[in-house]
Amino acid sequence: MARTIHSTTIPSSTTYLGDVRSFIEKYARRADLPEPQVEQVKIAVDEACTNVIEHAYKNEEGHQIDLAIIIEPERLIVRIRDSGVAFQRSEYEEPDLVSFVKRRKSGGFGVHIMHRLMDEVEYNTVGNFNECCLIKKRVTTNGTH
């Protein structure tokens with residue numbers, strides 16, 4: 001399979017997350033990912049987009065999020081770009097699950113979930129854009145990654 005790229009842009013509002021999930025599902029299936037992996041990618045991308053909306057754009061509408069699905073022979077990459085406040089990976093701390101449960105706090109698990117569901121998660125700044133790449137290895141025809 002040759003490398004293919006499919007892209008879309010959504011406004012910075014959680015209203016459009018259903019559209020994002022449909023977009024991801026369509027092309028993850030075209031990439032022949034097994035159904036459990038399709039769901040994992042959808043959840044991870046939903047979390048990443050929610051983080052952009054809530055943290056990079058501070059819930060301000062009027063911005064946009066650019067998504068691209070890059071299908072390569074051995075992996076599927078979802079590239080998410082925004083022009084908001086950059087995620088500082090060096091300042092991120094893994095959430096303490098016990099503490100969250102005791103305080104009955106919700107939220108704060110998006111990055112953790114993304115890393116658990118994907119094979120790789122990369123963060124970059126490219127010019128004026130923040131970029132998060134979520135990578136899922138594809139099984140080749142001989143059954144290996």
Side-chain angles (χ1 to χ4, degrees), residues 1-97 100-101 105-145:
M1 167 184 263
R3 184 177 200 245
T4 59
I5 301 174
H6 309 278
S7 59
T8 191
T9 299
I10 64 159
S12 58
S13 169
T14 55
T15 305
Y16 297 92
L17 292 176
D19 296 339
V20 168
R21 290 187 295 273
S22 295
F23 173 76
I24 297 300
E25 184 172 9
K26 176 180 179 180
Y27 291 106
R29 285 190 173 145
R30 281 194 190 172
D32 294 325
L33 287 184
E35 195 59 32
Q37 289 186 0
V38 170
E39 293 303 314
Q40 290 171 349
V41 175
K42 283 172 41 182
I43 292 167
V45 172
D46 187 280
E47 291 291 342
C49 289
T50 299
N51 284 347
V52 168
I53 292 163
E54 292 180 356
H55 302 290
Y57 290 137
K58 310 285 189 212
N59 290 309
E60 291 178 6
E61 295 187 12
H63 302 283
Q64 64 183 35
I65 302 171
D66 298 318
L67 293 107
I69 295 182
I70 304 156
I71 302 170
E72 297 179 344
E74 296 188 6
R75 62 190 190 157
L76 178 137
I77 304 164
V78 180
R79 184 183 64 215
I80 302 160
R81 285 187 179 159
D82 68 82
S83 58
V85 177
F87 173 65
Q88 300 299 322
R89 179 73 174 121
S90 61
E91 295 174 14
Y92 174 75
E93 292 182 25
E94 276 291 314
D96 177 355
L97 301 177
F100 270 72
V101 170
K105 184 175 179 187
S106 64
F109 291 96
V111 172
H112 177 77
I113 290 167
M114 290 161 40
H115 283 268
R116 295 288 299 211
L117 296 177
M118 301 302 290
D119 293 310
E120 297 175 49
V121 179
E122 299 174 352
Y123 304 95
N124 301 297
T125 301
V126 181
N128 295 328
F129 294 98
N130 306 309
E131 188 175 271
C132 175
C133 291
L134 304 170
I135 301 162
K136 181 63 86 172
K137 293 176 183 170
R138 296 178 63 220
V139 176
T140 60
T141 52
N142 66 6
T144 63
H145 285 288

Rounded distance (nearest 0.5 Å) linking atom NZ of Lys137 with atom CD of Glu120: 6.0 Å
Applying side-chain contact (heavy atoms from CB on, under 4.5 Å) to Arg116 and not counting sequence neighbours gives His112
Considering residues at least two apart in sequence or located in another chain, which fulfil the side-chain contact (heavy atoms from CB on, under 4.5 Å) criterion with Asn128? none
Nearest atoms (heavy-atom pairs only) where Ala28 meets Val38: CB-CG2, 4.0 Å
Please step through salt bridge (Lys or Arg N to Asp or Glu O under 4.0 Å) for the pair Arg138 and Glu74, ending with a clear verdict. CA-CA 5 Å; Arg138 296 178 63 220; Glu74 296 188 6; over 6 Å; no
What pairs of residues pass the ring-ring contact (aromatic ring centres under 6.0 Å, His included) test when at least one of them lies in residues 26-53, not counting sequence neighbours? His6-Tyr27, Phe23-Tyr27
Heavy-atom distance under 4.5 Å between the side chains of Ile77 and Ile69, does that happen here? no
How would you list, by chain and number, every residue that makes a side chain to side chain donor-acceptor pair (under 3.5 Å) with Thr8, sequence neighbours excluded? none
CG/Leu33 to CZ/Arg75 distance, rounded to the nearest 0.5 angstrom? 13.5 Å
Treating Asp82 as the side-chain partner and Gly84 as the backbone partner, does any N or O pair qualify as donor plus acceptor under 3.5 Å? yes
To the nearest 0.5 Å, tell me how far Ser7 OG sits from Leu67 CG. 9.0 Å
Arg29 meets the salt bridge (charged side-chain N to carboxylate O under 4.0 Å, His left out) criterion, sequence neighbours left out, with Glu25, Glu35
State, with a plain yes or no, whether a side-chain heavy atom of Val111 is found less than 4.5 Å away from one of Ile113. no
Between CG on residue Leu117 and CD1 on residue Ile43, distance to nearest 0.5 Å: 6.0 Å
Decide yes or no for Ile70 and Arg79: does some side-chain heavy atom of the first lie under 4.5 Å from some side-chain heavy atom of the second? yes
Can you sort out the partners of His55 under ring-ring contact (aromatic ring centres under 6.0 Å, His included), two or more places apart, ordered by chain and number? none
Over 60° means perpendicular and under 30° means parallel, so tell me whether His63 and Tyr57 are parallel, tilted or perpendicular. parallel
Is Ile80 close to Glu131 at the side-chain level, that is, under 4.5 Å between some pair of heavy atoms? no
Check: Ile135 and Leu76 side chains under 4.5 Å, non-hydrogen atoms: no
Would you say that Ile53 contacts Ile65 through its side chain, given a criterion of any heavy-atom pair below 4.5 Å between the two side chains? yes
Check: Met114 and Leu134 side chains under 4.5 Å, non-hydrogen atoms: yes
Residues at least two apart in sequence or cross-chain that pass side chain to side chain donor-acceptor pair (under 3.5 Å) with Thr15, listed by chain then number, are Ser13
Once rounded to the nearest 0.5 Å, what's the spacing between atom CG of Asn51 and atom SG of Cys49? 9.0 Å
Output all residues satisfying ring-ring contact (aromatic ring centres under 6.0 Å, His included) with Tyr16, sequence neighbours left out; order by chain, then residue number. none
Listed partners of Ser22 passing side-chain contact (heavy atoms from CB on, under 4.5 Å), at least two apart: none
Where the side chain of Lys136 meets the backbone of Gln40, is there a donor-acceptor pair that is under 3.5 Å apart? no
Measuring from Leu17:CG to Ile24:CD1, what's the distance to the nearest 0.5 Å? 11.0 Å
Could you pull out all residues at least two apart from Glu39 that satisfy salt bridge (charged side-chain N to carboxylate O under 4.0 Å, His left out)? Lys42
Tell me, which pairs form a salt bridge (Lys or Arg N to Asp or Glu O under 4.0 Å) where one or both residues lie in residues 55-68, sequence neighbours left out? none
Can you confirm whether Val121 sits close enough to Cys132 that some side-chain heavy atom of one is under 4.5 Å from a side-chain heavy atom of the other? yes
Met118 and Val41: side-chain contact (heavy atoms from CB on, under 4.5 Å), yes or no, with the steps? CA-CA 7 Å; Met118 301 302 290; Val41 175; 4.0 Å; yes
To check you understand the geometry: which heavy-atom pair defines the closest contact between Gly62 and Ser12, and what is its length? N-OG, 3.8 Å
If you look only at pairs with a residue in residues 7-24, which of them pass as a salt bridge (Lys or Arg N to Asp or Glu O under 4.0 Å), with sequence neighbours excluded? Arg21-Asp46
